[in-house]
Amino acid sequence: MINSLFIINSSGDVFMEKHWKSVVNKSVCDYFFEAQRNASAPEDVPPIISTPHHYLVSIYREKMYMVAVVLTEVPPMFVIEFLHRVVDTFVDYFGECTESSIKDNYVIVYELLEEMLDNGFPLATEANILQELIKPPNILRTVVNTVTGKSNVSDVLPSGQLSNIPWRRTGVKYTNNEAYFDVIEEIDAIIDRMGTTVSAEIQGVVDSSIRLTGMPDLTLSFVNPRLLDDVSFHPCVRYKRWESERVLSFVPPDGNFKLMSYHIGTQNIVAIPVYIKPTITLKEGAASKLDITVGPKQTMGKVVESVVLTIPLPKAVLNVNLTSNQGNYSFDPATKILSWDVGKMTSGQGSKLPNIKGSLNLQSGCPVPDSSPTIMVEFKIQQLAVSGIKVNRLDMYGEKYKPFKGVKYLTKAGKFQVRT
């Protein structure tokens, strides 16, 4: 399965490596660096790179690359999912997964990787099991371990490791019993200059935070479960129950975890919550014009927040002279990127829609670019799942107390592009 793991920072330095079988020289990363140079953006590096003797499987998160080296053919999504699980585990332990947090906790990182993979095969990847095996870092434990020479690894096997519910430890007790669910949806869309949707799809996840005493058995139902046809679940979900009744039945892990993820493709009608009217005219000299209006639509009365438009202008643009009636804009003369931070938009603004307009100064003698730039859009809408997914109810069996329950919804932009 996985032979080695290299962690590479944004500068291209391999600052950590871990080998489970034979040691692979880090010169194998040269193939990855070549692909990185050819990519237009950090996240556009091919996730699978074939070399004469290895396969390199990588993910890009937190401005770092996790590159796994595989000697034989394996299901690539299996390796990619494991790498994401490694990053999530680091976040659980250290609060963040950055180069500095990994370097500050090298010993724990190596202990975690040793437990998560056994001879190249995934072993313990659940946060509950790992936290019983390897205690999370704190100042007191670090001082004691330094003085006594002890490690963070427990001498006792976790209680859930040998049970048929390995993701939940036994004897869990809480004063306040709570179950929270976050339905988060990202819209990936391409909109043409006339406002027509070329393609649109939704990537959704249901994140859970469960802190319940004992061994509760939960059932989560949706108002319109038929919208969910392309789904993947946490191992705790009973899949046969979902297939027959379209309800989620599970004994939850203790703490935070991703209950399910889903994808709604272009065959369904995806509501686009914002519209943009761009007019960009490029001519030689100071005759180039830019006029962009943005507004909300199909937001069910919700406020669109954190609206940011990023426009990579042609290299021939020297500077810009723009005015906006809302928010602030900035232009980087080196990268030629125009960024407009709009802020909030409400559906009742009427004629006062956010607008930015003005002139662009092109370098004299340079040919006028043939193609117009593509606008990248970011936004967030609280308490709205744009797909229409809605949680109906949560029932608990096996315990007698009544937990506090809560559900939040969030829609945000993924790769949202508007052609001009």
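- Here Lys405 does not pair with Asp395 in a salt bridge; the nearest charged N to carboxylate O distance is not below 4.0 Å.
- Nearest heavy atom pair, residue Ile49 against residue Ala35, reads CD1-CB, 3.7 Å.
- Note on Lys408 versus Asp207: no salt bridge recorded, every NZ/NE/NH1/NH2 to OD/OE distance being 4.0 Å or above.
- Side-chain contact check for Met116 versus Phe82: some heavy-atom pair is nearer than 4.5 Å.
- With salt bridges taken as basic N to acidic carboxylate O contacts below 4.0 Å, none links Glu43 and Lys415.
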Would Met345 and Val274 count as a side-chain contact (heavy atoms from CB on, under 4.5 Å) here? Give the steps.
CA-CA 10 Å; Met345 296 189 303; Val274 299; 4.0 Å; yes
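- Residues Ser261 and Ser232 have side chains that bring a donor and an acceptor to within less than 3.5 angstrom of each other.
- Legend: residues meeting side-chain hydrogen bond (donor to acceptor under 3.5 Å, both in side chains) with His19, ordered by chain and number and at least two apart, are Ser4, Glu17.
- Considering only heavy atoms from C-beta on, Ile48 stays 4.5 Å or farther from Leu56 through its side chain.
- A side-chain donor from one of Asn319 and Asn361 sits under 3.5 Å from a side-chain acceptor of the other.
- For the pair Ser101 (side chain) and Thr98 (backbone), a donor-acceptor distance under 3.5 Å is present.
- Between Leu212 and Val172 there is no side-chain heavy-atom pair separated by less than 4.5 Å.
- Evaluated for a ring pair (Phe, Tyr, Trp, His ring centres under 6.0 Å) with Tyr65, the options Phe15, Phe32, Phe33 yield exactly one hit, Phe32.
- Crowding of Met215 atom CE: a count of heavy atoms from other residues, nucleotides or ligands under 6.0 Å exceeding 12.
- Counting non-hydrogen atoms of other residues, nucleotides and ligands closer than 6.0 Å to CZ of Arg419 gives a total of 12 or fewer.
- Within the 4.5 Å cutoff, side-chain heavy atoms of Leu5 are placed close to those of Leu83.
- Side chains of Tyr174 and Asp254: a donor-acceptor N/O pair is present below 3.5 angstrom, by distance only.
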As a quick check of understanding, evaluate side-chain contact (heavy atoms from CB on, under 4.5 Å) for Ile264 and Asp230, giving each step before the final call.
CA-CA 7 Å; Ile264 299 176; Asp230 184 2; over 6 Å; no
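- A 4.5 Å side-chain heavy-atom check between Trp340 and Pro354 finds at least one atom pair inside the cut-off.
- Using a 4.0 Å cut-off between charged nitrogen and carboxylate oxygen, Lys380 and Glu305 do not count as a salt-bridge pair.
- Within the 4.5 Å cutoff, the side chain of Leu220 has no heavy atoms near those of the Arg393 side chain.
- No hydrogens or angles considered: a donor-acceptor pair under 3.5 Å links the side chains of Glu185 and Tyr262.
- Side-chain N/O atoms of Ser27 and Asn25 include a donor and acceptor closer than 3.5 Å.
- Taking the six-membered ring where the residue is Trp, the centroids of Phe379 and Phe416 are separated by under 6.0 Å.
- Side chains of Arg238 and Ser249: a donor-acceptor N/O pair is present below 3.5 angstrom, by distance only.
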